[in-house]
Number of protein chains: 2
Amino acid sequence: MTRARQAGEAPAPEPYATEAICGRILERHRDTVSVRKAHVATANLARIIEAVLRLSSRQGFHETSLRDLAKASGLSMGGLYSYFDNKNTLLLMILTEVAQTAEAVLGNPPPGVAERPAAHLRWLIETHLRLTEAMQPWFVFAYMEAKGFPAPARRIATEGELATERMFAGVLERGAAEGVFAIEDVDLTASLIKPLLQDWYVKRAKYRKRGTTIERYVAGVTDFVESAILARPAQSPPGSADRDGRNPAAVP
Amino acid sequence: MTRARQAGEAPAPEPYATEAICGRILERHRDTVSVRKAHVATANLARIIEAVLRLSSRQGFHETSLRDLAKASGLSMGGLYSYFDNKNTLLLMILTEVAQTAEAVLGNPPPGVAERPAAHLRWLIETHLRLTEAMQPWFVFAYMEAKGFPAPARRIATEGELATERMFAGVLERGAAEGVFAIEDVDLTASLIKPLLQDWYVKRAKYRKRGTTIERYVAGVTDFVESAILARPAQSPPGSADRDGRNPAAVP
DNA sequence: GAAGAAAACGAGCGAGCGCTCGATTTTTAT
DNA sequence: ATAAAAATCGAGCGCTCGCTCGTTTTCTTC
């Protein structure tokens, strides 16, 4: 996904800065961006996307008019259309970048990790949380704005989600086969881990207000998940203890 | 919240049918609804809300025009305005109903349950899941559409969420004090349980496609949470096992 | 079944939307 | 310095939006 930089160009010190990400977007959309000088195009695209992420987080993408966006990004109405051919394309640029980045980062565990399910699971949790922290506005946007759009945009978002869920399911499967994890339903368990990770960026404001650090959250989720699924050799299987409180459902 | 019905009126057999809920909404908004005959108003309000929930789930509330809504509900443009004074009020009607129902149902455990934390936690999980299942379109709407709206609507939604989270924190706190639960950080754990419950209605389509029943999901979440937090007398505390795979974060 | 009240109707209003395109400014090359 | 090319500009177009209000239909009552 990330291409090697040309010699002489300064190496990006911060690969998840808006400008760096927009460089990658530009490569993927050279045909829709009519501005040819790369550094100008990258800088302006970064201002546009920074603005659209900020405005959309407040009022939603649909409710963000191109006039608002022009004002916030410092370009004119017509100027914007040098960077995308219509508003939907702008949305797709962001969604595909998020999906591709997530797949590229989470799909490449460091050597030695993938072989040990317990370590791999740990790495997936921590890396997922740190990636979404570094690109928080992007992931929130993808999560919130994917709904209610023409099929292609929706597809990209849900496919991306399923892809990472499948990574978790794969690790759990291998761990269960090796006897490291004790899991009844692998797919369901993978489904339950996903929202624990999404909560960190979807409800970021709540955790910020409480002063919860990412280190604390990583540790909390890791402990929670491991306590739930790690095989405990000298003990009865989970779910068999404390079977008292079975109450009739209050809702018919 | 639910008032006693007048004698002679048929008792509602299904308290979470759209019509029944709309009856309650009507009581709360008698002043904004100009139609005076109760059964006419209830029926039409139900058709309006059923339509707006359906259309919004596809395309979002903002993107649902009142012309679409008029067509889908079988009323005219002007007719709609006999039931709300502006589009925002319609949104607030739904949000407040969801928040009030959740608080009323979850805040009233059957006698005997609230005294035993383990049973109370179980009841909260199952009741939350069954309530959101019975009112799924309502909860999805509240979750998805609360963003990007004037402060009051946003407030209602986030307050409702925090209220139920506090119920969980309370139970966990009591259980930890009694030694039934082994929990390091009660507030963080309560925060982690919430998204497990929300996932059931937010990603309902995924679970439907997989054929996951609500019974299966209730059991899965209950086991997952209990395995993570139930005190295990004859064992080392959670988080101390398998501390090998600590890897450096891949994301700076 | 006629008269009054209640409810429903839908064309029309101003405003704001996404998008275009000829004019203008800035950059590059000679 | 100047001309060609690239980039930017912003008023204007057609359209849809939320909302109104005089008219028509339906229901109630005697």
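Letters go in sequence order (proteins before strands), and every chain restarts at 1.
- Formation of a donor-acceptor pair under 3.5 Å by the A/Asn108 side chain with backbone atoms of A/Ala104 is found in this model.
- Among residues at least two apart or in separate chains, there is no salt bridge (charged side-chain N to carboxylate O under 4.0 Å, His left out) pair with a member in residues 67-84 of chain B.
- Going from atom CG of B/Leu75 over to atom P of D/dT24 covers 20 Å, rounded to whole Å.
- With no hydrogens or angles considered, no side-chain donor-acceptor pair links A/Trp138 and A/Glu97 at under 3.5 Å.
- With 3.5 Å as the limit, one finds no donor-acceptor pair spanning the side chains of B/Asn86 and B/Tyr81.
- When the C1' atom of D/dG18 is taken as reference, atom CG of B/Leu80 falls 11 Å away, rounded to whole Å.
- Every residue two or more places apart in sequence or in another chain that forms a side-chain hydrogen bond (donor to acceptor under 3.5 Å, both in side chains) with A/Ser191 is listed here: A/Glu165, B/Arg210.
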Under 3.5 Å, which protein N or O atoms sit close to an N or O of nucleotides 17-21 of chain C? Give each pair with its distance.
| unit_1 | atom_1 | unit_2 | atom_2 | d |
| --- | --- | --- | --- | --- |
| C/dG18 | OP1 | A/Lys87 | NZ | 2.9 |
| C/dG18 | OP2 | A/Leu66 | N | 2.8 |
| C/dG18 | N7 | A/Arg67 | NH1 | 3.0 |
| C/dG18 | O6 | A/Arg67 | NH2 | 2.7 |
| C/dC19 | OP2 | A/Tyr81 | OH | 2.8 |
| C/dC19 | OP2 | A/Lys87 | N | 2.8 |
| C/dC19 | O5' | A/Tyr81 | OH | 3.1 |
| C/dC19 | N4 | A/Arg67 | NH2 | 3.4 |

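- Between the side chains of A/Thr132 and A/Gln136, not a single donor N or O lies within less than 3.5 Å of an accepting N or O.
- For B/Glu159, the side chain to side chain contact (heavy atoms under 4.5 Å, CB included) criterion is met by B/Leu162, B/Arg166, not counting sequence neighbours.
- Taking the salt bridge (charged side-chain N to carboxylate O under 4.0 Å, His left out) definition, one finds that B/Asp187 meets it with nothing, sequence neighbours left out.
- Within residues 34-48 of chain B, the residues approached by DNA chain D to less than 4.0 Å at the level of any non-hydrogen atom are B/Lys37, in residue-number order.
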